Amino acid sequence: MMPSLIRKWKFKPMRSLFILLFIGTLSACSSLGFPGVYKIDVEQGNIVEQSMVDQLEPGMSRRQVRFILGTPLVEDPFNQNRWDYAYVMRNGEKLIRKTQMSVYFDGDALSDVRGDYRPEWAGGEAAKSE
């Protein structure tokens, strides 16, 4: 019985070393990246352009704003008078383009637009008190 115990424990350090080497190899690949690997552009959010924002007019209904800009990325359930439109484009970890815009309503009527794109009639960049 004793010889089989010795044989069993003889290969444990080798197995542990192999597992550690395998884990180390995997983690090294993720931090360096493989050369020549194509990384796709990832777009997230709403694509909003200045030409779309220029169509907005004060007093427009929520439905009209949604028709022009699309469904907002964030409709805050605690502040229903604000819609947020955000857009991010990345290539891997590299940020290519990022925009943010908020649309404010007074009841059902459009009252203000703030962010990266604004119509001429919209207020300044200062944060709106809520």
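Remember, predicted model here, so these are calculated numbers, not experimental data. For this chain, numbers begin at 1 and follow the sequence in order.
Counting all heavy atoms, side chain and backbone alike, L56 lies closest to L69 at CD1-CD1, 3.9 Å. Between D116 and K98, the shortest heavy-atom distance links the atoms OD2-O, 3.9 Å. Among all heavy-atom pairs drawn from D84 and Q100, the shortest one is OD1-NE2, 3.8 Å. D112 and W121 get closest at one heavy-atom pair: CA-CZ3, 4.1 Å. A122 and V113 get closest at one heavy-atom pair: CB-O, 3.3 Å. The two residues R62 and Q80 have their closest heavy-atom pair at NH1-O, 2.8 Å.
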Might you work through the side-chain contact (heavy atoms from CB on, under 4.5 Å) test for I47 and E43, ending with a clear yes or no? CA-CA 9 Å; I47 299 175; E43 296 180 86; 3.7 Å; yes

Residues D54, Q50; criterion side-chain hydrogen bond (donor to acceptor under 3.5 Å, both in side chains); working and verdict: CA-CA 6 Å; D54 289 338; Q50 187 63 46; 2.8 Å; yes

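For the pair Q55 and P119, the minimum side-chain heavy-atom distance is 4.5 Å or more. By the 4.5 Å heavy-atom criterion applied to side chains, L110 and P58 are not counted as neighbours. Proximity of T99 to R97: side-chain heavy atoms (C-beta onward) are separated by under 4.5 Å at one or more points.
Residue-environment remark: CG (D106) stays at or below the threshold of 12 foreign heavy atoms within 6.0 Å.
Using a distance-only test at 3.5 Å, with no hydrogens or angles considered, no donor-acceptor pair links the side chain of N46 to the main chain of V48. Between the side chain of Y85 and the main chain of G70, a donor-acceptor pair closer than 3.5 Å is present. Side chain of Q64 to main chain of S61: a donor-acceptor pair is present (N/O by atom type, distance under 3.5 Å, no hydrogens or angles).
To the nearest 0.5 Å, the span separating OG on S102 from CG on N79 amounts to 10.0 Å. Put simply, CZ on R90 and CG on L95 are 5.0 Å apart, with the number rounded to the nearest 0.5 Å.
Aromatic rings of W83 and F105 (six-membered ring for Trp) have centroids within the 6.0 Å cut-off, being under it.
L73 and V88 sit in two unconnected hydrophobic clusters of ILVMFWY residues. Membership requires side-chain heavy atoms under 4.5 Å apart, directly or through other members.
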